[in-house]
Structure formats: structure tokens, C-alpha cells
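What follows is one structure encoded as C-alpha cells, with my remarks underneath.
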Amino acid sequence: MTHTRRRREFLSNFSRERNARRGEANPVLDFSGESLRVRFAPSPTGKLHLGSARTALLNWLVVRREGGKFVLRLEDTDVVRSSPEFEQDIIDSLKWMGIDWDEGPDIGGPFAPYRQSERMDLYREQVSRLLEEGKAYRCFCSPDELEERKRKVVAQGKPWRYDRKCLEIPQEESERLAASKPFAIRFRVPEGKVVVKDLLRGEVVVDSSEIADFIILRSDGRAGFNMAVVVDDITMKVNLVIRGDDHLTNAVRHAMLFEALDSAPPLFLHHSLLLGKDGAKLSKRHAATAVSDYRERGYLSSALANYLSLLSWSPGDDREIFTMEELVSEFNLKRLSASRAIFDIDKLNWINRQHMKKLSNDSLAGLVRPFIEKAGEKELQKIPPEKFELAVESVREKIETLSEAVEQLLIYTKKPDEITDKALEELRKTSDLDEVFDICLEALRENPGSSRDVAERIVKGLREEAKARGWGAKKILWVLRLGITGHVIGPDLIYLIMFWGSEGCAERMEAKRRIHELH
RNA sequence: GCCCCCAUCGUCUAGUGGCCUAGGAUACCGGCCUUUCAAGCCGGAGACAUGGAUUCAAAUUCCGUUGGGGGCACCA
């Protein structure tokens with residue numbers, strides 16, 4: 001595991017260097033008195049993706065653990081694909097997950113605005129500066145021309161990279177042409193090796209000849225992504241950039257831009273990407289990808305965050321279930337792994353179950369209720385609160401998500417005489433059916449009420465009755481279940497009796513016996 | 001194609017040269033429990049990609065190979 005070694009060496013060098021300067025110790029990160037500033041910068045071109053949520057969570061955990069500020073910045077320069085609805089989804093989803101920010105488009109902050117679309121002048125200013133300093137140049141090649149030249153090069157089997165045609169244009173001519181011809185501005189990539197300091201991967205060295213002169217200002221006057229990001233990270237004083245692996249090569253461009261703008265680059269951490277079962281970047285063809293999808297499906301936010309945190313990270317012991325608070329105190333960058341992470345819904349389901357287990361019946365019932373309303377189950381909504389809580393308690397062990405509770409609870413809305421074919425069949429093949437029915441009804445009538453005691457007494461009594469007759473307990477209890485619910489599966493008998501009361505259960509059994517002629 | 005990143009059970013991971021006949025979790029299979037479905041408990045199967053090198057000793061260090069991923073846009 002090369003990465004482990006490199007990361008640890010780098011981390012220890014990093015802290016040693018800093019600590020020596022300050023003369024004090026900090027276990028992981030130390031910015032020489034500057035406070036930590038991290039950012040999460042999604043582009044509102046879709047709902048908050050699980051992978052982005054993981055990035056946001058990583059940033060949040062680090063900053064809440066180490067102290068510092070968390071900045072939310074919207075990278076909405078793509079006017080066509082960006083939309084306010086997606087922006088809202090991102091904000092709602094982050095909040096739902098328990099991720100909060102100290103500065104952002106909704107709450108402002110000392111470096112506002114926090115939407116790139118509102119910062120264009122700032123970018124143009126810096127682009128002009130680069131242009132004046134000869135670190136950038138105008139490119140008059142039209143998209144069609146570029147396409148044409150690219151096609152020719154590719155046809156010869158050579159890799160295409162911008163050919164610097166416009167770099168040859170003399171300064172005066174460039175300025176003259178600028179008045180009459182549309183142009184974009186490209187960054188003039190300097191020669192030499194570029195080093196990206198990455199907390200996870202050590203120092204990544206790339207020769208700048210690998211990088212083409214990229215666009216920093218489009219011909220329509222909008223700044224390019226790389227330029228906007230760098231100007232923002234400088235002006236917002238971001239000193240740690242945690243983002244996906246897919247930006248590692250961009251980091252090389254960014255490092256060059258920081259240098260060109262006379263700014264120290266932040267420290268980077270490029271985490272591995274979230275992948276689907278087949279190993280490709282997680283996308284809709286693998287599973288639902290939006291955080292809001294999981295919210296709607298009845299996952300607990302704490303479970304989703306817990307699961308996401310466990311990809312590429314472990315506490316170093318066998319513990320796996322953490323609340324958000326526990327994650328903040330346990331999370332440590334030193335234990336983050338650089339290897340890939342495949343999304344596994346089974347594990348998420350299990351973790352969700354573990355989180356639901358920790359909830360009281362009362363809280364769980366409260367969380368289930370909205371799912372019933374959304375499902376439009378009127379009958380379930382009519383159940384009075386105490387009964388509802390009881391009903392939820394009776395199904396909680398059976399469900400993996402909150403929404404699954406709805407279908408499980410439906411058993412409590414069945415009419416007294418309703419029965420499934422399967423249940424009828426089971427009853428009809430029971431020997432001494434009439435007698436067993438009578439035994440059940442008698443036990444129910446002799447113990448009126450709906451308390452747990454009553455329910456337990458009834459079931460216990462029926463067990464003894466079966467034993468006395470030399471039957472298995474199943475012979476009687478199976479009929480009791482089918483008689484009360486009309487279904488072959490369902491909650492524990494104790495709960496059924498408590499829910500309907502022994503009188504109610506007796507009525508339900510009689511209704512079925514009469515209407516379906518069970519003898 | 002070029003550049004970069006990654007590589008332990010199907011999946012998530014523990015593992016920093018001897019505690020490793022590789023540990024845990026999940027999923028899977030079997031058993032127990034049991035009125036059903038679950039849950040729970042017990043057990044089983046299941047991995048160091050590969051070839052070299054260093055070393056008394058390598059999952060762990062180094063090099064090559066293979067495989068996977070990402071990037072190479074007037075997208076972000």
C-alpha cells in the first residue's frame with residue numbers, strides 16, 4: 001500500500017514543518033495560526049449526488065473536528081444547465097444530512113457573494129491582470145476552426161492538444177483584432193514540473209507539457225471553471241480543498257494559476273470516487289444517486305452519513321455505527337484511504353436498521369407518519385396516536401427503511417372479515433378447526449382488555465391449553481393469527497391483541513368464521 | 001493513445017517486516033430460537049492481482065507487468 005506510506009510520510013512532514021515553526025503540536029492539520037477554511041462547491045446542475053454528499057461530509061467532518069469555517073459556494077457558471085430547483089435541492093439535502101455551513105449563498109459571509117454567477121467581474125479583473133503580465137493570451141480560433149484542426153491531428157493518430165496558434169500573434173495585432181473579432185483568453189502554461197501537494201497522495205508531480213493552454217475566459221465573457229475556482233479559493237482564503245479524485249488533473253492547472261496569481265496554493269485532498277457495482281462512477285443506471293431519493297425512500301440522514309463516512313474510512317477498530325456527533329469526534333484524516341469505494345445498498349440498509357433501532361417508539365412513529373401521508377393511506381392516518389405508536393413498535397424489527405413501515409402497517413387497516421386465499425387454505429387444512437376456534441374465542445372473552453398483561457396472559461393460556469391437549473402450540477396460535485388478521489404473516493400476536501383488544505380480536509375471528517364458513 | 005490515481009474475501013475494511021495457517025462488518029449458505037415474517041444467537045464458505053528484487057523473515061519495502069478508475073472541452 002504505497003499510498004498509505006506516502007500519505008503518512010507527507011502528513012508527518014507537513015505537521016513537523018508547521019509545528020517546528022510554531023513550536024507546538026497539532027495532530028493532523030496546522031495552518032500556522034490561520035484558521036482552517038474549507039469549502040464545498042457543487043454546481044446546481046442536478047440534485048445533490050451521493051458522491052458530492054460524501055465530499056461535503058468529508059469537508060464538514062474535518063472542519064467541525066479541527067475547528068474552522070465551512071464555506072458553501074455554488075458553481076453556477078453553466079447558465080444553461082444550472083437551475084434554482086437544483087440549488088434548493090442541494091441546500092435542503094445538505095441540511096437534512098445535518099451538514100451546516102458558516103458562509104454561503106443563503107446566509108452570506110465576509111467574502112460574499114457565494115454564487116459564481118455573481119462574481120464574474122472579479123474573475124475578469126484577474127484575467128486582465130494575467131493578460132497584461134503576459135501570462136495569458138487572446139485566442140481567436142473559432143470552435144469550428146479548432147474542431148477542424150483537431151480532426152486532422154486525430155486522423156493522423158496523434159493526440160490533440162491546443163496548438164498555441166494564437167500565441168504567435170504579436171501584442172499589437174492581438175489588441176487590434178480584439179476590437180473586431182470574438183476571442184477567448186487562454187492561460188499560457190509555463191514550462192516545467194508542477195507539484196500538487198495532496199494530503200492523501202503525497203506530492204503529485206506532473207510535467208506541464210502534459211497540459212494544454214486552457215481557456216480562462218470564454219468568448220462570451222464568462223470565466224472558465226478553472227479560473228473561477230482559483231480566484232474564489234484565493235479570495236475566500238480557502239486553505240484546504242477536499243474534493244473528488246476526478247479533479248486531480250485540474251489541481252495541476254489550479255496550482256499553475258495560483259502561482260501565476262502570486263498566491264500560495266491551498267493544501268489538497270483528492271478522495272477516491274464513489275463507484276457503482278461495475279466499478280464505474282456511480283450513476284443513475286446503478287442506483288438512485290440523489291440524496292433526496294434516499295430521504296424519500298425512508299433512510300435516516302444519520303444512517304446515510306454514517307454509511308458514506310465508512311467508505312474509505314474506518315475508526316481503526318470494529319465499531320461501525322456512529323451518530324453525527326460521534327463521527328465528528330472520531331473522524332481522522334490520517335485514517336482515510338485512497339482506494340476506490342463501491343456503493344453497496346445492502347450495507348446502507350443494514351446501517352439504516354441499526355440507526356432505527358436506537359430510536360424510541362415515539363420518535364420512530366413520528367418519522368413514519370409523513371410516509372403514510374405521502375402514500376395517501378387514509379385508514380392508517382385515522383389510527384389514534386397511542387395505537388399508532390403501538391403499531392409502529394410491532395413492525396419496527398421487520399423494516400429496513402421508514403417507507404417500508406407503511407406496507408407493514410397496512411395489516412391494521414384490514415376489515416374484520418378480510419382474509420387472503422393463502423390464510424383460508426391454511427385454516428381449512430387445520431384439523432379440529434371448530435374446536436380450536438372455540439378455544440381461542442373463550443380465551444379472548446375470559447381476558448377482556450388490551451393491556452400487555454392481558455395479551456400475554458391470553459397467549460400463555462393458549463400455549464398451556466395446547467400442551468394439555470398434547471398439541472403443539474402452533475396448532476392454536478396459528479389459527480389465532482389467521483383468525484385475527486387474515487394473513488399468514490404479520491406482527492407478534494401480543495401486539496395484535498393489544499391493538500384490537502381481546503374483544504375486538506374475538507369479533508374479528510367470528511366474522512371470518514361466519515362469513516367464510518370455517519368449520 | 002497520452003498523463004495521473006488506485007489495487008486484501010462479491011462489497012466496505014483491519015493490517016506501517018515476524019503477533020497473519022490474514023481479523024471484523026455486510027451479503028450469501030446452514031443450524032438454533034419460534035405462532036408467521038423478521039430480528040437475535042451459533043456455525044460455514046470466501047481475499048493479499050501477477051512476476052521479480054531486498055531480507056533470516058514480505059499482505060506490508062522497491063521495480064516491472066496486468067487490471068480498474070479518472071483526466072486530456074469555450075462542462076463543472
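What's counted below: heavy atoms across the whole structure, side chains too, no hydrogens, waters or symmetry copies. Below, read A as the first sequence line, B as the second, and so on, with proteins coming before strands; counting in each chain starts at 1.
- The same atom, P, is picked in U16(B) and in C62(B); the two are 15 Å apart, to the nearest Å.
- When the C1' atom is compared between U13(B) and C4(B), the two are found 25 Å apart, to the nearest whole Å.
- By the side-chain contact (heavy atoms from CB on, under 4.5 Å) test, A455(A) is found to be paired with I494(A), I497(A), M498(A), residues two or more places apart in sequence or in another chain being considered.
- When each of U35(B), G1(B), A7(B) is scored by its nearest atom to the side-chain atoms of P159(A), the top-ranked nucleotide is G1(B).
- With sequence neighbours excluded, no residue satisfies ring-ring contact (aromatic ring centres under 6.0 Å, His included) with Y495(A).
- Across all strands shown, U11(B) forms a Watson-Crick or G-U wobble pair with A25(B), both key distances being under 3.5 Å.
- For the C1' atoms, the distance linking C28(B) with A7(B) amounts to 24 Å, nearest Å.
- On a pure distance criterion of 3.5 Å, a polar donor-acceptor pair joins the side chain of S219(A) and the base of C74(B).
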- request: Would you give a per-nucleotide map of nucleotides 39-48 of chain B, 5' to 3', where B means the base has a protein non-hydrogen atom under 4.0 Å away, S means only the sugar-phosphate does, and - means neither?
  value: SS--------
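- Listed by chain and number, the residues in a side-chain contact (heavy atoms from CB on, under 4.5 Å) with K414(A) are E418(A), H487(A), R508(A) (sequence neighbours excluded).
- Identified under the salt bridge (charged side-chain N to carboxylate O under 4.0 Å, His left out) test for residues 267-282 of chain A, with sequence neighbours left out: D246(A)-K281(A), K277(A)-D344(A), D278(A)-R285(A).
- The ring-ring contact (aromatic ring centres under 6.0 Å, His included) search around F86(A) returns none, not counting sequence neighbours.
- Taking the nucleotide of RNA chain B with the nearest heavy atom to each of I494(A) and F225(A), the more 5' of the two is matched to I494(A).
- Pairing for U55(B) is absent, with no Watson-Crick or G-U wobble pair whose two atom distances lie under 3.5 Å.
- C9(B) sits 14 Å from A59(B) when the C1' atoms are compared, rounded to a whole Å.
- Rounded to the nearest Å, the gap between the C1' atom of U21(B) and that of C41(B) is 27 Å.
- Remark: R54(A) is not in phosphate contact with C12(B), judged by side-chain N or O atoms under 4.0 Å from OP1 or OP2.
- For Q354(A), the side-chain contact (heavy atoms from CB on, under 4.5 Å) partners two or more places apart in sequence, or in a different chain, are I321(A), W350(A), K357(A).
- Non-hydrogen atoms lying under 4.0 Å from RNA chain B are contributed by R463(A), all within residues 457-469 of chain A.
- Using cut-offs of 30° and 60° for the angle between ring planes, the W160(A) and Y162(A) rings count as perpendicular.
- A49(B) and G68(B): their C1' atoms are spaced 11 Å apart (whole Å).
- Closest to the V204(A) side chain, of the nucleotides U11(B), C75(B), C5(B), is C5(B).
- In this model, no side-chain donor or acceptor of K347(A) finds a partner on the base of A27(B) within 3.5 Å.
- Considering only side-chain atoms of S339(A), the nucleotide from C12(B), U13(B), U35(B) that sits closest is U13(B).
- Using a 4.0 Å cut-off between charged side-chain N and carboxylate O, D432(A) and K475(A) make a salt bridge.
- Evaluation of the side-chain contact (heavy atoms from CB on, under 4.5 Å) rule for L359(A) yields L300(A), S363(A), L364(A), L367(A), R396(A) as partners, not counting sequence neighbours.
- Closest to the side chain of L146(A), out of U26(B), U35(B), C74(B), is C74(B).
- The C1' atoms of U61(B) and G18(B) are separated by 15 Å, rounded to the nearest whole Å.
- Across the strands present, G40(B) finds its partner in C32(B); the criterion is a Watson-Crick or G-U wobble pair with both atom distances under 3.5 angstrom.
- Applying the salt bridge (charged side-chain N to carboxylate O under 4.0 Å, His left out) definition to pairs two or more places apart or across chains, those involving residues 304-317 of chain A are D317(A)-R319(A).
- For the C1' atoms, the distance linking U35(B) with G30(B) amounts to 23 Å, nearest Å.
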Pairs under 3.5 angstrom, nitrogen or oxygen only, protein versus nucleotides 70-72 of chain B, please.
residue, atom, partner, partner atom, Å
G71(B), O2', T249(A), OG1, 2.8

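- The pair E404(A)-K398(A) does not count as a salt bridge, with every side-chain nitrogen at least 4.0 angstrom from each carboxylate oxygen.
- Side-chain N/O atoms of R186(A) include one lying less than 4.0 angstrom from OP1 or OP2 on C74(B).
- Among pairs with a residue in residues 346-356 of chain A, those fulfilling salt bridge (charged side-chain N to carboxylate O under 4.0 Å, His left out) read E320(A)-K347(A), R353(A)-E400(A), at least two apart in sequence or across chains.
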